[in-house]
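In what follows, a structure is listed as C-alpha cells, so that the remarks can point back to it.
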Amino acid sequence: MASWIPLAGLIVLVALVIAQLAVPSSRAWVWKVAAGLGTLELAALLYFGLVWAPPEAFMSDVGRILYVHVPHVWACLVAFTINVACAIAYLMKKSWRTDALAEASAEIGVYFGAIGVLMGSIWARPTWGVWWDWDPRLISTTVMLLAYVGYLAFRSFTEDPERRAAWSAAAAILGYVSLPIVWFSVRWWNSLHQVQSTGSTVDKPMRAVLYWGNVTFLTFLLAFIIKRYELARARQSSALELPPVQAPKTEVAV
Amino acid sequence: MLSPQPAIQLDDVSKRFGSRWAVARLSYSLPAGRSLLLTGHNGSGKTTLLRMISTATFPTAGHIKIFGAETREKREELRHDVALLSHASFLYEDLTAAQNLTLVAEFLGLDQRKELVASLLERIGLTSRADSPVRQFSAGMRKRLTIARLLMKAPKLALFDEPFGELDPAGILQMENLLRELQAAGTTIVLATHLVEQGQALTQERLHLDQGRRENP
Amino acid sequence: MRKPRISLLRASWLVLRKDWMIEWRTRARLTALIFFSLSTLLLFSFAMGPDIEALRRHAPGYLWLALLFASVLSLGESFRVESENQALTGLVVTPVEPRAIFLGKVFGNASLLFGLSLVLLPVAVALYDIDLSRAPLTLLLVLFLGSVGISAPGIVYSAISANARARDVMLPLLLFPVLVPLLLAAVSATRFTLVPDAQDQLPGWLKLLTAFDLIYLSVGFLLFPKVAEED
C-alpha cells in the first residue's frame with residue numbers, strides 16, 4: 001500500500017466532516033456515505049492487514065491486531081476530545097446542540113475505547129506474557145474509559161436536562177484533564193522501574209496499513225456520532241419545546 | 001416618588017423541572033412601591049417563581065428584571081438587595097442558632113455582629129436557645145430563625161414563601177406586624193400564601209397562578 | 001454598591017471555619033470516620049498475612065488507600081451538610097462567591113484528611129513496622145499535598161453527585177479514575193520518605209503531586225460556579 005492512500009482517505013473524511021458541519025442540506029446523506037465508505041475501507045483493511053502486510057518481525061501474526069487495536073484507541077481519544085470541547089463550549093455558551101454532541105461523542109468514545117482496550121489486552125498476552133501491564137498508553141486509555149463510564153452513568157442518573165448538561169460538562173473536563181497527568185505519571189513510573197519498552201517500531205508498509213486502519217475507524221466514528229447525535233437531538237426536542245402561549249380565554253383582569 | 005422601574009418584571013418566563021413546566025410563559029409587572037400577593041394551589045409554581053426572583057435559580061426561557069436589573073446578569077448585585085424566606089430554611093442543622101446568624105452577618109460584611117445577632121435573637125424570642133443546635137429546634141423555631149436570617153440583610157425586596165405556615169397564632173400576628181414594618185420602611189414585599197384574606201390585607205396587588213400560568217383567582 | 005463586600009479570601013476562610021465548626025460539633029461522626037480508616041488498615045494487614053517484609057513494602061499503598069476510602073465518606077458528608085435545608089443555595093444567594101465556597105470546602109476537607117493521616121501514621125508504624133524518622137517533615141508535606149489533591153477534584157464531584165440518584169456510588173465512580181495519578185505519586189513519594197531513596201526520585205514525585213494539586217485547584221476554581229449555581 002502506497003503511503004498516499006491513507007492520506008487520500010483522510011482527505012475524503014475531512015471533506016465529509018466539513019460537509020456535515022457547513023452544508024445543512026448534506027446532513028441527510030453524510031452519515032450514509034460515511035458508513036458505506038467505512039465498510040469498503042474495512043474490507044480493504046482486512047486484505048491489507050491480514051494478507052498484504054508481512055508478519056511483524058518480533059510478534060509474527062499476533063502483531064496484526066495492532067491494525068485494528070490502535071485505530072480504535074485513536075477513535076476513542078478523538079471522540080473524548082470532541083466531548084470535552086463540547087463541554088467547554090456548553091459552559092461558555094449554553095446550547096443544546098453541544099450537549100447532544102457531548103452525549104453522542106462520549107457514548108461512541110466509550111464503545112471504541114472498550115473494544116480498543118480489550119484488543120490491547122489480547123495483544124499484550126502473547127507479546128508481554130501478561131493480560132495487563134504498566135504501559136502508559138494502556139493505563140491512560142483505561143483511566144479515560146473509566147472516567148467516561150462514570151460520566152455516562154452520571155448523565156443517566158440526573159433527570160433535569162439543564163443540570164445534567166452543566167454538571168456532566170464539569171465532570172468531563174475534570175476527567176479529561178487527568179489524561180496527560182496519568183500518561184506522564186505512568187511513563188515516569190515505568191522509566192524508573194525499567195519495565196520492558198513497549199517496542200513497536202513499526203516498519204514502513206505496516207505504518208501505511210496502520211494509518212489506513214485509523215482512517216477506516218475514524219470514518220466509522222463520524223457515521224456513529226452523527227447518528228447518535230441525531231438520536232440525542234430527537235430526545236431533546238420533545239423536552240425542550242416551550243409550552244404554548246396562554247390561551248386567550250384566560251385573559252386576566254386584576 | 002415612584003421610581004420609573006417596576007419592582008419586578010416578568011417577561012415571558014418559563015421554568016422547567018425535569019420534563020414538566022413549573023412556570024409557563026408568565027408575564028407580569030409589579031409597579032415599584034406596591035406589594036404583591038401570590039396565590040395558587042400547591043404545585044402551581046409559586047415557589048419556583050419566588051426562587052427565580054431571588055436568583056436562587058434562573059428561568060429556562062424569558063427574563064426577569066428586578067428594579068430594572070436582569071437577574072442572570074446582575075445576580076451579584078441583586079443578591080444584596082433581595083432576600084428569600086423559603087420552605088428550605090438554609091440553616092445548618094449542626095450549628096447553633098447564634099452561629100448560624102453570626103455566619104450570615106460575617107458573609108454580609110456587617111459590623112458589630114455580636115450585638116446585631118443578640119438583638120435579632122431577642123426580637124424573634126430565641127435568646128434562651130441561642131446556643132442550642134438547630135437540629136433540636138421545632139418547626140416554628142426554625143421559621144423564626146429563618147426570619148432573623150432574612151432581616152439581617154435589610155433587603156429592598158423581601159420574598160416570603162408561606163411565612164405563616166408552622167407558626168402559632170401569636171407567631172402569625174408577629175409575622176403580620178413584621179411584614180407591615182418592612183413595608184413601612186420601604187421594602188417591597190412578595191407574599192405567597194394560602195391565607196388569602198390575611199394576605200390581601202397586607203398587599204396591594206395579586207397574582208394568581210395555576211399550573212405555572214396566570215389565572216383569575 | 002451600598003453594602004460592604006468581603007474579599008474572596010475572607011469568604012473562603014469563613015466557609016472553611018464553618019466546616020470546621022460543623023466538624024467539631026459532629027465529632028461523633030468524625031470518630032466513626034477515624035475508626036473506619038483504622039479498620040481498613042487493619043484489614044489490609046490481615047489480608048496480606050503475617051509477612052512483615054511485604055507489609056512494610058506496601059505500607060504506603062495501604063495508607064493511601066485507607067485515606068482514599070475515608071475521603072469518599074468525608075466528601076459525601078461535606079455536601080450532605082450543604083444539601084440539608086438547601087444550605088448551599090442559601091450560601092449562594094446570601095451572597096457568597098461560589099469560588100470561595102470551593103476553596104473553603106477543599107481546604108476544609110483536605111485538613112480533615114490530613115488530620116486523619118496523622119492519626120493513621122502511628123497505627124501504620126505498629127501494624128506495618130515502618131520507620132518514620134527518615135524524613136518526617138517531607139512525609140508531612142506529602143500527606144498534605146495528597147490530601148489537597150484528593151479534595152480539589154473531590155469537592156466538585158461531590159457537589160454534582162450530591163443531587164444525582166445513587167449518589168453514594170456516583171462519587172467514587174467519578175472520582176477514582178481521576179485520582180489514579182495522584183495515588184501513584186503520593187504512594188511513591190511516601191515510599192521514598194520511608195526507605196532509602198537511592199535514585200533521588202522523591203523530588204520528582206513531589207513536583208508531580210504539586211502539579212496535580214495546582215491543576216485541579218485551578219480547574220475546580222473555574223468550574224465550581226457553574227456547578228453551584230442552578231443556572
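Numbered from 1 within each chain, the chains take letters A, B, ... in sequence-line order.
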Strictly distance-based, threshold 3.5 Å: is any side-chain N or O of A:R163 a donor or acceptor partner for the main-chain N or O of C:I160?
no
Closest non-hydrogen contact found for A:V143 with C:P177 is CG1-O, 3.2 Å
Going through the distances and angles, do C:F176 and A:L146 end up as a side chain to side chain contact (heavy atoms under 4.5 Å, CB included)?
CA-CA 9 Å; C:F176 284 177; A:L146 285 176; over 6 Å; no
If you round to the nearest 0.5 Å, how far is CG of C:L222 from CD1 of A:I173?
9.0 Å
Heavy-atom distance under 4.5 Å between the side chains of C:F212 and A:S178, does that happen here?
no
Would the number of heavy atoms belonging to other residues, nucleotides or ligands and lying under 6.0 Å from CZ of C:R165 be above 12?
yes
Options C:P153, C:A185, C:A211, C:G204, ranked by heavy-atom pairs under 4.5 Å with chain A, top entry
C:G204
Mind checking whether C:Y216 and A:I181 have side chains closer than 4.5 Å, heavy atoms only?
yes
Heavy-atom pair with the smallest gap, counting every atom of A:A170 and C:V227
CB-CG2, 3.7 Å
Between A:G150 and C:L173, what is the shortest heavy-atom contact and its length?
CA-CG, 3.7 Å
All heavy atoms of C:K226 vs all of A:A166, minimum pair found to be O-CB, 4.3 Å
Any chance CE of C:M48 has more than 12 other-residue heavy atoms, nucleotides or ligands included, within less than 6.0 Å?
yes
Structural part of C:V178 lying under 4.5 Å from a heavy atom of chain A:
both
Please report the shortest heavy-atom distance between A:G175 and C:Y157, naming the atom on each side.
N-OH, 3.4 Å
Taking atom CZ of C:F114 as the centre, does the number of heavy atoms from other residues, nucleotides or ligands within less than 6.0 Å exceed 12?
yes
Side chain / backbone / both / neither for A:S140 at chain C, heavy atoms under 4.5 Å
neither
Got more than 12 heavy atoms from elsewhere within 6.0 Å of NZ, A:K94?
yes
Does any part of the side chain of A:F184, heavy atoms only, come nearer than 4.5 Å to the side chain of C:L208, both counted from C-beta?
yes
Spacing of C:L184 atom CG and A:I139 atom CD1 [to the nearest 0.5 Å]:
8.5 Å
From OG (C:S161) to CH2 (A:W167), nearest 0.5 Å:
9.0 Å
Please flag which part of C:A166 lies under 4.5 Å from any non-hydrogen atom of chain A: side chain, backbone, both or neither.
side chain
